[in-house]
**Student:** 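Shown below is the structure under consideration.
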Amino acid sequence: MAISKHYKNLFQDITTIEYKGKDSKDPLSFQYYNPSQKVGGKTMAEQLRFAICYWHTVSWAGNDMFGLEAFSHHWLSKDITDVYEKAELKADYMFQFAQLLQMPFYTWHDRDVIAEGDSLQESAQRLVKFSDYLLKKQEETGIKALWGTANAFSNKRYMAGAASNPDPEVFACAASQVRTAMEVTKKLGGQNYVLWGGREGYDTLLNTCIRQEQEQLGRFMSLVVEHKHKIGFQGDILIEPKPKEPTKHQYDFDVATVYGFLKKYNLEKEIKVNIETNHAILAGHTMEHEIATASALDLFGSIDINAGDYLLGWDTDQFPTDALEMTKMMYYILKAGGFKNGGLNFDAKLRRQSCDVKDYLYAHIAGMDAGARGLLAAQALVEDKTLATFIEQRYAGWQSSFGQDILQGKLSLSDIADLAETNNINPSPVSGRQEMLEGIISRYLN
């Protein structure tokens, strides 16, 4: 088995996290997530498609905007100076975490997999070379790559954006990173490729030409789609919406904004969205709103699952533990037909005070159980059809001949107005039953 010479088994007393049922008191067990349990014709594993993420799990050292590195985990040791040995050690632990948690997928950024080199060429060569190790780990464990992406935001060259940068040479640097990351994603059998515009926005309009930057972004996305077809990548290309932070305003503000952008550049059939809970909150939305919007616009792709703090104005990336919120999300995911190539990626990090290695397990267990509990409740809601029936009845008037004539363009504005006046139309308000419906959802949680 491929394994780094620096590897130490930090979990000798744990072989795997098992499902023990909702009455289990063991924090290192699943109460609701039973991978093989059938829900809606698929197993839980197939419905939820959980993924562990490289960056928060084994690359983040516990630093934040106000504090230095807080973690001293073995795989973060500064005593290991060889970049390939360091990369092997991180990969070993990332795959071990995924195995312990029975996690079927993982996700990665290029710079989290292996450190950046002194040049674009060296960085590309490092990633391509090290991808052989990742491929070997995948073959040995059965864990697959859900998606890959390029970190075109951390290097100082990207302080004014990547594709939207005022300097075309920076655009070219981003093109180099994305090309390599896309090709490695294909090599690893990745089911999606994500474009995350970490700094594609502005801090002030005083030094920004929005029209110019939008044209650059449109061209970049078109080039990515062209390259996808050139190399024969069969997965989805995904854009991850985010409204702000680190910039004051980002161009991929939310799902609806992304759709307008894609329509302008004739890319709406080529690119879907990877939606994140915390980003939806920052945009002033709920996550179920973003999922339902993506579904309505035929853009639904994948999910970065986490939780945000509603009292804070930044991306806290907490683990999701609210089963009611997960029920709403899973309901709209199921209504959208479920995942095709996407899944639930844990783009979530520990709190800095959770500094023990077992905390990684506790956090993911809580999130996976919340997801499973939400799935069970959502599937029951789908099968019961209470919500669907209520909505169908609420909009029933649009299925009448009058409603259909309006939608099919058989009546002009004046025709409709004349009918309203001639027939003295004066409809009475009908209750939307919001509180009743909210109560119904709560009853399905068990």
Side-chain angles (χ1 to χ4, degrees), residues 16-22 24 29-52 98 101-107 141-147 189-192 234-236 238 272-275 277 287-288 290-305 320 322-346 364-365 367-392 437 440-446:
T16 188
I17 305 302
E18 298 178 350
Y19 168 72
K20 295 184 179 180
K22 65 180 181 180
S24 173
S29 71
F30 293 121
Q31 290 182 298
Y32 293 92
Y33 181 60
N34 183 0
S36 61
Q37 180 180 341
K38 286 290 186 72
V39 181
K42 298 179 181 178
T43 65
M44 276 194 179
E46 292 168 334
Q47 289 279 24
L48 296 166
R49 292 169 60 88
F50 284 129
I52 196 166
L101 292 160
Q102 302 186 60
M103 195 85 72
F105 296 101
Y106 75 103
T107 57
T141 63
I143 297 165
K144 303 174 183 178
L146 185 67
W147 52 257
Q191 300 186 21
N192 310 270
Q234 299 300 310
D236 288 329
L238 308 175
K272 300 182 185 300
V273 287
N274 181 63
I275 317 165
T277 310
M287 186 56 163
E288 61 264 28
E290 289 291 83
I291 296 169
T293 301
S295 175
L297 297 172
D298 297 321
L299 289 185
F300 180 67
S302 194
I303 300 289
D304 268 11
I305 189 70
D322 189 328
L324 181 58
E325 289 298 318
M326 290 295 294
T327 298
K328 296 174 185 176
M329 290 170 50
M330 289 308 306
Y331 179 75
Y332 288 101
I333 290 172
L334 292 176
K335 292 286 286 182
F339 292 114
K340 180 185 175 184
N341 292 327
L344 293 174
N345 173 50
F346 278 103
H364 282 90
I365 290 167
M368 294 169 78
D369 264 345
R373 194 177 176 193
L375 171 65
L376 290 167
Q379 180 62 32
L381 280 164
V382 169
E383 292 174 356
D384 185 70
K385 298 183 180 179
T386 300
L387 297 182
T389 300
F390 182 88
I391 291 175
E392 182 180 340
L437 297 172
I440 286 173
I441 291 180
S442 297
R443 292 194 190 103
Y444 280 83
L445 284 170
N446 54 50

**Student:** For the residue pair F50 and L344, establish whether any side-chain heavy-atom pair is separated by less than 4.5 Å.
**Tutor:** yes
**Student:** Distance-only check: which donor-acceptor pairs under 3.5 Å involve side-chain atoms of residues 35-45, not counting sequence neighbours?
**Tutor:**
from : atom 1 : to  : atom 2 : distance (Å)
S36  : OG     : N34 : OD1    : 3.4
T43  : OG1    : E46 : N      : 3.1
T43  : OG1    : E46 : OE1    : 3.3

**Student:** Please test L445 against R373 for side chain to side chain contact (heavy atoms under 4.5 Å, CB included), starting from the C-alpha separation and ending with a verdict.
**Tutor:** CA-CA 7 Å; L445 284 170; R373 194 177 176 193; 4.2 Å; yes
**Student:** Check A378 against T327 and note the closest heavy-atom contact, atom names and distance.
**Tutor:** CB-O, 3.7 Å
**Student:** For the CZ atom of F30 and the NZ atom of K20, what is their distance to the nearest 0.5 Å?
**Tutor:** 11.5 Å
**Student:** Return the minimal non-hydrogen interatomic distance between G371 and L48, and the atom names on each side.
**Tutor:** O-CD2, 3.8 Å
**Student:** From Y106 OH over to K144 NZ, what is the distance, rounded to the nearest 0.5 angstrom?
**Tutor:** 12.5 Å
**Student:** Rounded to the nearest 0.5 Å, what separates atom CZ in F339 from atom CD1 in I333?
**Tutor:** 4.0 Å
**Student:** Mind checking the CD1-CG spacing from I391 to L437? Nearest 0.5 Å is all I need.
**Tutor:** 8.0 Å
**Student:** Any idea which heavy atoms bring W147 and S302 closest together, and the distance?
**Tutor:** NE1-OG, 4.3 Å
**Student:** For the residue pair I303 and M287, establish whether any side-chain heavy-atom pair is separated by less than 4.5 Å.
**Tutor:** yes
**Student:** What pair of heavy atoms forms the shortest contact from M326 to A370, and how long is it?
**Tutor:** CB-O, 3.5 Å
**Student:** Are N274 and D236 side-chain neighbours, meaning at least one heavy-atom pair lies under 4.5 Å?
**Tutor:** no
**Student:** Side chains of Q102 and Y19: does their closest heavy-atom pair fall under 4.5 Å?
**Tutor:** no
**Student:** Working to the nearest 0.5 angstrom, can you tell me the gap between L375 CG and Y33 OH?
**Tutor:** 10.0 Å
**Student:** Main chain of G338, side chain of Q47: is a donor-acceptor contact present, judged purely on distance under 3.5 Å?
**Tutor:** no
**Student:** Nearest 0.5 Å, please: how far is CD1 in I305 from CE in M368?
**Tutor:** 12.5 Å
**Student:** Please evaluate residues I440 and F390 with respect to the criterion side chain to side chain contact (heavy atoms under 4.5 Å, CB included), reporting the C-alpha separation (whole Å), side-chain torsions for both, the decisive distance (0.1 Å), and the verdict.
**Tutor:** CA-CA 12 Å; I440 286 173; F390 182 88; over 6 Å; no
**Student:** Treating D369 as the side-chain partner and Y32 as the backbone partner, does any N or O pair qualify as donor plus acceptor under 3.5 Å?
**Tutor:** yes
**Student:** Checking R49 side chain against N341 main chain: does a donor-acceptor pair fall under 3.5 Å?
**Tutor:** yes
**Student:** Do N345 and T107 get their side chains close enough for a donor-acceptor pair, meaning under 3.5 Å?
**Tutor:** yes
**Student:** Might you point out which heavy atoms bring H364 and L101 nearest each other, and give the distance in Å?
**Tutor:** CB-CD1, 3.5 Å
**Student:** Taking all non-hydrogen atoms of both residues into account, name the closest pair between Y444 and A377 and its distance.
**Tutor:** O-CB, 3.6 Å
**Student:** Going through the distances and angles, do K335 and L381 end up as a side chain to side chain contact (heavy atoms under 4.5 Å, CB included)?
**Tutor:** CA-CA 10 Å; K335 292 286 286 182; L381 280 164; over 6 Å; no
